[in-house]
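Treat the numbers as computed from the prediction; the structure is a model and nothing was measured.
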2 protein chains.
Amino acid sequence: MTTRPLRADARRNVEAILDAATTCLARDPDASINDIAKAAGVGRVTLYGHFESRAVLVAAVVARAMAEAEASLRGVDLTGDPAAALVRLIDASWQTTLRYGALVVAAEKSMPVADMAAAHDEPRERVRGLLEHGRAEGRFRTDLPVSWLVTTLHTVTHAAATSVYDGELAPDEAARAIAATMLGLLTPPGEVVPDVDILRGVG
Amino acid sequence: MTTRPLRADARRNVEAILDAATTCLARDPDASINDIAKAAGVGRVTLYGHFESRAVLVAAVVARAMAEAEASLRGVDLTGDPAAALVRLIDASWQTTLRYGALVVAAEKSMPVADMAAAHDEPRERVRGLLEHGRAEGRFRTDLPVSWLVTTLHTVTHAAATSVYDGELAPDEAARAIAATMLGLLTPPGEVVPDVDILRGVG
DNA sequence: CCTAAGTCGAACAGTAATGTTCGAGATCAT
DNA sequence: ATGATCTCGAACATTACTGTTCGACTTAGG
């Protein structure tokens, strides 16, 4: 059952297809197989030679994106000051969201709901743990459900991605904007909002 | 060119179609004309008798939603304390977002980009004015672009709508959650986050 | 250099949606 | 109650996409 090693050009094409599919689907979740093949500089038949169906292709794209996200998040130190840890987490996850953020829309249409839920669960739990920690220390607000706070981080990050895409937010300002926004959002009523620039590399 | 007055049953059907289209498109922006007609308890031919094309139908649905939104927002008093005014604005706009929020996705696919931009401009300007006012008074943060702050209100409100839809947030908690979230988010670094419950009807 | 592996375009079948046409029948309005 | 208005299902043309098959061609690699 072991798949024979692909020829060099075939391996190149698979890579090109995955790259093209990533950018095409991020731009338009309804992008056709034809568009993707053309963007990859490859015939439609060749694409089907490597990916059985559209569903298989987007699954492969998503898997690759998730693997990269995992890798970039695993290294983040979530201990110590919760606010500082949050800023580190945002810095690490921002690039991934910018590249792959819009993919979820494409994924939602061709993947079973259970798989989507499972894929979302792990990163949400990671964030949830950090927020709970901050709440226990009195640094993050407790007057709103944790699940809601997790959702806001998610949604604010995605909003930043589309803002950058639309030219409303400069790419190099984005991570700081997200961090500043979240630090204010998470501060308990009656407490003072921390300055994001103190918590980041102050240049 | 003045359209003759419709017969009673025709008027009823037009209403039913608009209602059905609103809920169907909010649930699934790709809902087919067939689904909408069936949901309205009407044949597909009848629908086409009243709405030339899918584009015309969604335009009509959007127009009705925008009119209702306009009506509910026009009455909001935006003067006085900016934080209190923001809370009033959120309370007024929340119900509309909950009902019509997901429509924008459907609208984006069948309306010219210019129309979408124009439709978004007016409410954004309203919010922008309020935020500028708050910034001038030192109540809202000035270390982030206003356009970004406007975007966050937009995105947080929509996130609340989908959270309610998914059962993660109780409908009656939503408006308070949005207001609390935004008040924290908008507080300048170094300042104290206001308590939302003091600014709302304290029950 | 020669073969197996890979590519490509064209042409095909299948599906699903939009929009139109027709005529028979129901419903409102006067 | 009678004619204009409206509804409805079925059938049709059109378009767009997915996925497959075929045979001729190019390329990798020993």
DNA chain D contacts among residues 48-59 of chain A, heavy-atom distance under 4.0 Å: A:Tyr48, A:Glu52, A:Ser53, A:Arg54
4.5 Å side-chain heavy-atom contact, A:Phe140 and A:Thr187: no
B:Leu185 side chain reached by A:Thr152 side chain, heavy atoms, under 4.5 Å: no
Pairs under 3.5 angstrom, nitrogen or oxygen only, protein versus nucleotides 11-13 of chain D, please.
none

Distance in angstrom units between A:Arg7 CZ and C:dA5 C1', rounded: 4 Å
B:Leu149 and B:Arg128, any side-chain heavy atoms less than 4.5 Å apart: no
For atom CG of A:Asp35 and atom P of D:dC17, their distance in whole Å: 7 Å
Side-chain (B:Arg124) to main-chain (B:Ser147) donor-acceptor, under 3.5 angstrom: yes
Residue list, salt bridge (charged side-chain N to carboxylate O under 4.0 Å, His left out) with B:Glu15, at least two apart or on another chain: B:Arg64
Atom-to-atom span, CG of A:Leu47 to C1' of C:dG9 - whole angstrom: 15 Å
OP1 or OP2 of C:dA17 under 4.0 Å from side-chain N/O of B:Ser32: no
Spacing of CG belonging to B:Leu131 relative to CZ belonging to B:Arg141, to within rounding of 0.5 Å: 12.0 Å
A:Thr162 side chain vs A:Ala159 backbone, donor-acceptor pair below 3.5 Å: yes
Counting only pairs under 3.5 Å, give me each side-chain donor-acceptor contact of residues 106-119 of chain A, with atom names and distances, residues two or more places apart or in other chains.
{"from": "A:Lys109", "atom 1": "NZ", "to": "A:Asp30", "atom 2": "OD1", "distance (Å)": "3.1"}
{"from": "A:Lys109", "atom 1": "NZ", "to": "B:Asp30", "atom 2": "OD2", "distance (Å)": "3.0"}

Atom-pair distance (NZ on A:Lys38; P on D:dT18), nearest Å: 12 Å
B:Thr157 side chain near B:Ile90 side chain, heavy-atom distance below 4.5 Å: no
Expected output: side-chain A:Arg88 to main-chain A:Asp77 donor-acceptor under 3.5 Å: yes
Distance, rounded to the nearest Å, where B:Leu6 contributes CG and D:dT7 contributes P: 9 Å
Cationic N near anionic O, under 4.0 Å, A:Arg135 to A:Asp143: no
Nearest-angstrom distance from the residue atom NZ of A:Lys109 to P of D:dT18: 12 Å
Worked check of side chain to side chain donor-acceptor pair (under 3.5 Å) between B:Thr22 and B:Asp19: CA-CA 5 Å; B:Thr22 301; B:Asp19 288 343; 5.3 Å; no
Degree of bending, the helix from C:dC1-D:dG30 to C:dT30-D:dA1 (end axes from five pairs; round to 10°): 30°
Distance, rounded to the nearest Å, where B:Asp30 contributes CG and D:dA16 contributes C1': 14 Å
Contact residues, residues 8-26 of chain A to DNA chain C [heavy atom, < 4.0 Å]: A:Asp9, A:Ala10, A:Asn13
Donor-acceptor contact below 3.5 Å, side chain B:Thr46 vs main chain B:Val42: no
